[in-house]
Amino acid sequence: MTGSLCLSRSIMAPPVAVSPLIKTARWSALLIGMLYGKQRFDHLKPIAEEERRVEEAEKKLREEQERIYKQLSEASSDTILK
Amino acid sequence: MAQKVQKLVAKVPTLLGAAVTYSKPRLATFWYYARVELVPPSPAEISKAVEAAKGLIRSYQTGRLGQTTVKDAVRNGLVTTEVLMWFFIGECIGKGGLIGYNV
(Lines give C-alpha, C1' and ligand atoms only; values in the text may rest on other atoms or scores of the structure.)
Protein backbone atom coordinates (compact mmCIF):
# COMPACT_ATOMS: atom_id res chain seq x y z
CA MET A 1 0.00 0.00 0.00
CA THR A 2 2.87 2.39 0.62
CA GLY A 3 3.75 2.12 -3.05
CA SER A 4 0.47 3.71 -4.01
CA LEU A 5 0.92 6.63 -1.59
CA CYS A 6 4.00 7.90 -3.46
CA LEU A 7 2.59 7.16 -6.85
CA SER A 8 5.39 7.79 -9.33
CA ARG A 9 5.61 5.54 -12.32
CA SER A 10 9.39 5.29 -11.98
CA ILE A 11 9.20 3.03 -8.94
CA MET A 12 6.46 0.74 -10.27
CA ALA A 13 7.49 -2.26 -12.28
CA PRO A 14 6.49 -2.07 -15.95
CA PRO A 15 3.59 -4.30 -16.94
CA VAL A 16 4.57 -7.79 -17.96
CA ALA A 17 3.94 -9.07 -21.47
CA VAL A 18 1.84 -12.11 -20.67
CA SER A 19 2.38 -15.12 -22.90
CA PRO A 20 -0.47 -15.71 -25.40
CA LEU A 21 -0.98 -19.25 -24.13
CA ILE A 22 -1.73 -18.01 -20.62
CA LYS A 23 -4.02 -15.28 -21.93
CA THR A 24 -6.06 -17.65 -24.08
CA ALA A 25 -6.18 -20.20 -21.28
CA ARG A 26 -7.46 -17.60 -18.79
CA TRP A 27 -10.19 -16.15 -20.95
CA SER A 28 -11.33 -19.52 -22.28
CA ALA A 29 -11.48 -20.79 -18.70
CA LEU A 30 -13.65 -17.77 -17.87
CA LEU A 31 -15.94 -18.46 -20.82
CA ILE A 32 -16.23 -22.16 -20.07
CA GLY A 33 -16.94 -21.34 -16.43
CA MET A 34 -19.72 -18.94 -17.38
CA LEU A 35 -21.32 -21.51 -19.67
CA TYR A 36 -21.00 -24.25 -17.06
CA GLY A 37 -22.50 -22.07 -14.34
CA LYS A 38 -25.45 -21.09 -16.49
CA GLN A 39 -26.03 -24.69 -17.58
CA ARG A 40 -25.90 -26.05 -14.04
CA PHE A 41 -28.25 -23.33 -12.82
CA ASP A 42 -30.77 -24.16 -15.55
CA HIS A 43 -30.47 -27.83 -14.63
CA LEU A 44 -30.96 -27.30 -10.90
CA LYS A 45 -33.80 -24.77 -11.09
CA PRO A 46 -36.70 -27.08 -12.02
CA ILE A 47 -35.46 -29.69 -9.54
CA ALA A 48 -35.58 -27.15 -6.72
CA GLU A 49 -39.05 -25.96 -7.76
CA GLU A 50 -40.30 -29.55 -7.76
CA GLU A 51 -38.84 -30.10 -4.31
CA ARG A 52 -40.49 -26.93 -3.03
CA ARG A 53 -43.85 -28.01 -4.43
CA VAL A 54 -43.58 -31.46 -2.84
CA GLU A 55 -42.56 -29.88 0.45
CA GLU A 56 -45.58 -27.56 0.36
CA ALA A 57 -47.99 -30.43 -0.26
CA GLU A 58 -46.47 -32.54 2.49
CA LYS A 59 -46.55 -29.63 4.92
CA LYS A 60 -50.23 -29.04 4.24
CA LEU A 61 -50.95 -32.71 4.82
CA ARG A 62 -49.00 -32.73 8.06
CA GLU A 63 -50.73 -29.63 9.38
CA GLU A 64 -54.10 -31.09 8.51
CA GLN A 65 -53.26 -34.26 10.43
CA GLU A 66 -52.01 -32.26 13.41
CA ARG A 67 -55.22 -30.25 13.46
CA ILE A 68 -57.35 -33.37 13.45
CA TYR A 69 -55.22 -34.91 16.20
CA LYS A 70 -55.54 -31.79 18.34
CA GLN A 71 -59.29 -31.67 17.90
CA LEU A 72 -59.64 -35.32 18.83
CA SER A 73 -57.42 -34.99 21.88
CA GLU A 74 -59.31 -31.91 23.07
CA ALA A 75 -62.65 -33.59 22.59
CA SER A 76 -61.65 -36.78 24.42
CA SER A 77 -59.99 -35.07 27.35
CA ASP A 78 -62.69 -34.19 29.85
CA THR A 79 -61.20 -32.50 32.81
CA ILE A 80 -62.34 -29.65 34.95
CA LEU A 81 -58.91 -28.04 34.63
CA LYS A 82 -59.62 -26.33 31.29
CA MET B 1 -34.61 11.98 14.08
CA ALA B 2 -35.48 13.74 10.86
CA GLN B 3 -32.64 16.20 11.47
CA LYS B 4 -30.15 13.35 11.81
CA VAL B 5 -31.31 11.83 8.56
CA GLN B 6 -31.00 15.22 6.88
CA LYS B 7 -27.46 15.67 8.18
CA LEU B 8 -26.51 12.21 6.92
CA VAL B 9 -28.02 12.89 3.51
CA ALA B 10 -26.10 16.17 3.34
CA LYS B 11 -22.88 14.33 4.02
CA VAL B 12 -23.33 11.85 1.17
CA PRO B 13 -21.86 14.08 -1.60
CA THR B 14 -18.73 14.71 0.47
CA LEU B 15 -18.39 11.01 1.14
CA LEU B 16 -18.79 10.24 -2.54
CA GLY B 17 -16.22 12.88 -3.40
CA ALA B 18 -13.78 11.43 -0.88
CA ALA B 19 -14.34 7.93 -2.27
CA VAL B 20 -13.67 9.15 -5.81
CA THR B 21 -10.49 10.96 -4.76
CA TYR B 22 -9.31 7.88 -2.95
CA SER B 23 -9.99 5.43 -5.70
CA LYS B 24 -8.85 7.49 -8.71
CA PRO B 25 -5.07 6.86 -8.43
CA ARG B 26 -5.66 3.24 -7.49
CA LEU B 27 -7.93 2.78 -10.47
CA ALA B 28 -5.27 4.43 -12.61
CA THR B 29 -2.64 1.96 -11.37
CA PHE B 30 -5.00 -0.94 -11.95
CA TRP B 31 -5.80 0.27 -15.45
CA TYR B 32 -2.11 0.84 -16.18
CA TYR B 33 -1.37 -2.82 -15.58
CA ALA B 34 -4.67 -4.31 -16.72
CA ARG B 35 -4.48 -2.67 -20.14
CA VAL B 36 -1.40 -4.77 -20.93
CA GLU B 37 -1.75 -7.84 -18.80
CA LEU B 38 -5.45 -8.64 -18.53
CA VAL B 39 -6.71 -7.98 -22.07
CA PRO B 40 -8.23 -10.92 -23.91
CA PRO B 41 -6.03 -12.37 -26.65
CA SER B 42 -6.30 -11.12 -30.23
CA PRO B 43 -6.81 -13.73 -32.99
CA ALA B 44 -3.09 -13.65 -33.86
CA GLU B 45 -2.28 -14.40 -30.24
CA ILE B 46 -4.78 -17.25 -30.20
CA SER B 47 -2.95 -18.98 -33.05
CA LYS B 48 0.34 -18.43 -31.23
CA ALA B 49 -1.22 -19.94 -28.12
CA VAL B 50 -2.30 -23.05 -30.04
CA GLU B 51 1.26 -23.47 -31.28
CA ALA B 52 2.65 -23.01 -27.80
CA ALA B 53 0.26 -25.66 -26.53
CA LYS B 54 1.43 -28.03 -29.25
CA GLY B 55 5.01 -27.30 -28.22
CA LEU B 56 4.09 -28.22 -24.65
CA ILE B 57 2.63 -31.53 -25.77
CA ARG B 58 5.74 -32.24 -27.82
CA SER B 59 8.04 -31.47 -24.93
CA TYR B 60 5.99 -33.80 -22.77
CA GLN B 61 6.31 -36.56 -25.36
CA THR B 62 10.06 -36.15 -25.72
CA GLY B 63 10.41 -36.24 -21.97
CA ARG B 64 11.92 -32.80 -21.72
CA LEU B 65 9.34 -31.88 -19.11
CA GLY B 66 11.16 -34.07 -16.62
CA GLN B 67 14.08 -31.66 -16.79
CA THR B 68 12.28 -28.62 -15.43
CA THR B 69 13.76 -27.27 -12.25
CA VAL B 70 11.72 -27.30 -9.05
CA LYS B 71 11.59 -23.52 -9.14
CA ASP B 72 10.15 -23.54 -12.63
CA ALA B 73 7.73 -26.30 -11.73
CA VAL B 74 6.44 -24.38 -8.71
CA ARG B 75 6.04 -21.25 -10.79
CA ASN B 76 4.18 -23.10 -13.52
CA GLY B 77 1.99 -24.75 -10.91
CA LEU B 78 1.02 -21.37 -9.49
CA VAL B 79 0.23 -20.00 -12.93
CA THR B 80 -1.91 -23.06 -13.71
CA THR B 81 -3.78 -22.64 -10.44
CA GLU B 82 -4.50 -19.03 -11.27
CA VAL B 83 -5.81 -19.98 -14.70
CA LEU B 84 -8.06 -22.62 -13.13
CA MET B 85 -9.43 -20.07 -10.65
CA TRP B 86 -10.74 -18.03 -13.57
CA PHE B 87 -13.04 -20.98 -14.29
CA PHE B 88 -14.64 -20.60 -10.86
CA ILE B 89 -15.03 -16.86 -11.36
CA GLY B 90 -16.79 -17.63 -14.63
CA GLU B 91 -19.02 -20.12 -12.85
CA CYS B 92 -19.99 -17.46 -10.29
CA ILE B 93 -20.89 -15.09 -13.12
CA GLY B 94 -22.87 -17.78 -14.93
CA LYS B 95 -24.90 -18.84 -11.94
CA GLY B 96 -25.64 -15.26 -10.92
CA GLY B 97 -24.37 -15.37 -7.35
CA LEU B 98 -21.28 -15.77 -5.24
CA ILE B 99 -22.11 -18.63 -2.89
CA GLY B 100 -24.31 -21.45 -4.08
CA TYR B 101 -27.01 -21.58 -6.69
CA ASN B 102 -30.01 -19.40 -5.88
CA VAL B 103 -32.59 -21.72 -7.37
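Per chain, numbering begins at 1; letters A, B, ... match sequence-line order. These values consider heavy atoms only, across backbone and side chains, with no hydrogens, waters or symmetry-generated copies.
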Note to self: Quick check on the interface: out of A:Y36, A:F41, A:W27, who has the most heavy-atom pairs with chain B under 4.5 Å?
What the structure shows: A:W27
Margin query: I'd like to know if B:R75 and B:D72 make a salt bridge, using a cut-off of under 4.0 Å between side-chain N and carboxylate O.
Written below: yes
Notebook entry, point to check: Which bit of B:L84 comes within less than 4.5 Å of chain A, counting heavy atoms only: side chain, backbone, both or neither?
Noted result: neither
Next item on the list: For each of A:K23, A:K38, A:R52, tally heavy-atom pairs with chain B at distances under 4.5 Å, and name the one with the top tally.
Entry: A:K23
Note to self: Is it the case that over 12 heavy atoms from other parts of the model lie below 6.0 angstrom from the CD1 atom of A:I68?
What the structure shows: yes
Checklist line | Under 4.5 Å from any heavy atom of chain A - which part of B:E51 | finding: neither
Next item on the list: For atom CD of B:Q3, decide whether the heavy atoms of other residues, nucleotides or ligands shown that lie under 6.0 angstrom number more than 12.
Entry: no
Notebook entry, point to check: Any salt bridge between A:R53 and A:E56, counting N to O under 4.0 Å?
Noted result: no
Notebook entry, point to check: What option among A:A17, A:G33, A:A29, A:P14 has the most heavy-atom pairs under 4.5 Å with chain B?
Noted result: A:G33
Checklist line | Region of B:V36 that comes under 4.5 Å of a non-hydrogen atom in chain A | finding: both
Next item on the list: Tell me, out of A:I22, A:L30, A:V18, who's got the most heavy-atom pairs with chain B below 4.5 Å.
Entry: A:L30
Checklist line | Residues, nucleotides or ligands: over 12 heavy atoms within 6.0 Å of A:Q39 CD | finding: no
Note to self: Between B:V50 and chain A, with a heavy-atom cut-off of 4.5 Å, which part of the residue counts as in contact: side chain, backbone, both or neither?
What the structure shows: neither
Check: Backbone N or O of A:A13 within a donor-acceptor pair of the B:Y33 side chain at under 3.5 Å?
Finding: yes
